[in-house]
A.B. asks: 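I have a structure here, written as structure tokens, and I will follow up with some questions on it.
Keep in mind it's a predicted model, so treat the numbers as computed, not measured.
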Amino acid sequence: MAICSNVIVVMKQIYYAATIYTVLGLLSGLFYRDYTKSHDFTGKTELAVTHTHLLTLGTLFFLIVLVLEKQFTLSSQRLFGWFFWTYNVGVLWAVACMTAIGMRTVQGRTESNLLAHLSGGAHILLTIAFTLFFSCLYRPATATGHTPSRHPFRHENSRYSRNAGGRI
């Protein structure tokens, strides 16, 4: 029962994360439109893609993770918690850097080396999070359903089988 309730708690966390990213994505699109209008800005800015990053890396990705959690119980993997929080911090950090860079562009300010380095750090964090995610996904996605003593390509009575009369 404890495992079942834990899965439900994790599924709710994933659902809420997707919902929050949806709200943030929609609000960032609204902010982009109003901020550039109020500054009479018509050029290119990072603000134009913050909403797509939030909706894709946040909403869409976590809806996919929700389905994978339902199918494979990814949260039973030891690294799942690390993935979840590292990924969220990485996405929010990257979007915050994009927003700051975009606002500076709209204001006509020069590029900031500090923001460029901070953005790079966010991308490194996202890379670590994706590595953790695929580590969590590997075992459940590649499970064959065979018992550990059976190999899918060996016959039970083959010369190299564990059950072949003690032969190696």
A.B. asks: Hey, could you give me the OG1/CG distance between Thr99 and Leu54, rounded to the nearest 0.5 Å?
C.D. replies: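 It is 7.5 Å, given to the nearest 0.5 Å.
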A.B. asks: Okay, side chain of Ser119, backbone of Leu115: is any donor-acceptor separation there less than 3.5 Å?
C.D. replies: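 No, because the side chain of Ser119 does not come within donor-acceptor range (under 3.5 Å) of the backbone of Leu115.
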A.B. asks: Under the criterion side chain to side chain contact (heavy atoms under 4.5 Å, CB included), which of Val91, Leu55, Thr56 is the partner of Tyr21?
C.D. replies: Val91
A.B. asks: Are Ser75 and Glu69 close enough that a side-chain donor and a side-chain acceptor fall under 3.5 Å?
C.D. replies: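 Per modelled atom types, Ser75 and Glu69 side chains form a pair under 3.5 Å.
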A.B. asks: Go through the steps for Glu111 and Thr105 under the test side-chain contact (heavy atoms from CB on, under 4.5 Å), then give the verdict.
C.D. replies: CA-CA 8 Å; Glu111 292 185 17; Thr105 303; over 6 Å; no
A.B. asks: Grouping I, L, V, M, F, W and Y whenever their side-chain heavy atoms are under 4.5 Å apart, do Ile64 and Phe84 come out in a common cluster?
C.D. replies: yes
A.B. asks: On a heavy-atom basis, which atom in Ala122 and which in Gly90 lie closest, and how many Å separate them?
C.D. replies: CB-O, 3.9 Å
A.B. asks: Aromatic rings Phe83 and Phe62: how do their planes relate, parallel, tilted or perpendicular, breaks at 30° and 60°?
C.D. replies: tilted
A.B. asks: Return the CG to CG distance between Asn88 and Leu57, rounded to the nearest 0.5 Å.
C.D. replies: 11.0 Å
A.B. asks: Do Trp93 and Trp85 share a hydrophobic cluster, counting only Ile, Leu, Val, Met, Phe, Trp and Tyr and linking them when any side-chain heavy atoms are less than 4.5 Å apart?
C.D. replies: no
A.B. asks: Inspect the surroundings of NE2 in His123 and state if more than 12 heavy atoms from other residues, nucleotides or ligands are less than 6.0 Å away.
C.D. replies: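 Atom NE2 in His123 is not crowded, with 12 or fewer foreign heavy atoms closer than 6.0 Å.
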A.B. asks: How close do Leu74 and Cys136 get, counting heavy atoms only, and between which atoms?
C.D. replies: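 In terms of heavy atoms, the two residues are closest at CD2-O, 3.7 Å.
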A.B. asks: Judged by atom type as modelled, is there a donor-acceptor pair below 3.5 Å linking the side chain of Thr50 to the main-chain atoms of Val95?
C.D. replies: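 Not a single qualifying donor-acceptor pair exists.
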A.B. asks: Hey, what else clusters with Met103 if you join Ile, Leu, Val, Met, Phe, Trp, Tyr whenever side-chain heavy atoms sit under 4.5 Å?
C.D. replies: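 When side chains under 4.5 Å apart are linked, the cluster holding Met103 also contains Phe31, Tyr32, Tyr35, Phe41, Leu47, Val106.
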A.B. asks: For the CZ atom of Phe80 and the OG1 atom of Thr73, what is their distance to the nearest 0.5 Å?
C.D. replies: 10.5 Å
A.B. asks: Distance from Thr45 atom OG1 to Gln107 atom CD, nearest 0.5 Å?
C.D. replies: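 Answer for the OG1-CD pair, Thr45 versus Gln107, is 10.0 Å.
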A.B. asks: Does atom OH of Tyr15 have more than 12 heavy-atom neighbours from other groups under 6.0 Å away?
C.D. replies: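 Incorrect, the count does not exceed 12.
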A.B. asks: Is there a continuous path of hydrophobic side-chain contacts, each under 4.5 Å between heavy atoms, that joins Val10 to Leu79?
C.D. replies: yes
A.B. asks: Nearest heavy-atom pair of Ile14 and Val65: which atoms, and what distance?
C.D. replies: CD1-CG1, 3.8 Å
A.B. asks: Would you give the length of the straight line joining atom CD of Gln13 to atom CD1 of Ile20, rounded to the nearest 0.5 angstrom?
C.D. replies: 10.5 Å
A.B. asks: Please determine whether residues Leu66 and Val9 belong to a single hydrophobic cluster, defined as Ile, Leu, Val, Met, Phe, Trp and Tyr linked transitively by side-chain heavy-atom distances below 4.5 Å.
C.D. replies: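 No.
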A.B. asks: Under a single-linkage definition using a 4.5 Å side-chain heavy-atom cutoff for Ile, Leu, Val, Met, Phe, Trp and Tyr, are Leu137 and Leu60 assigned to the same hydrophobic cluster?
C.D. replies: yes
A.B. asks: Check Trp82, Phe133, Phe61 against Tyr87 for a ring pair (Phe, Tyr, Trp, His ring centres under 6.0 Å) and give me the one that passes.
C.D. replies: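 Running ring pair (Phe, Tyr, Trp, His ring centres under 6.0 Å) over Trp82, Phe133, Phe61 with Tyr87 returns exactly one hit, Phe61.
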A.B. asks: Tell me the closest heavy-atom pair linking Glu46 and Met98, and the distance in Å.
C.D. replies: CB-O, 3.3 Å
A.B. asks: Quick one: closest heavy-atom pair of Gly25 and His51, and the distance?
C.D. replies: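 The pair with the smallest heavy-atom distance is O-CB, 3.1 Å.
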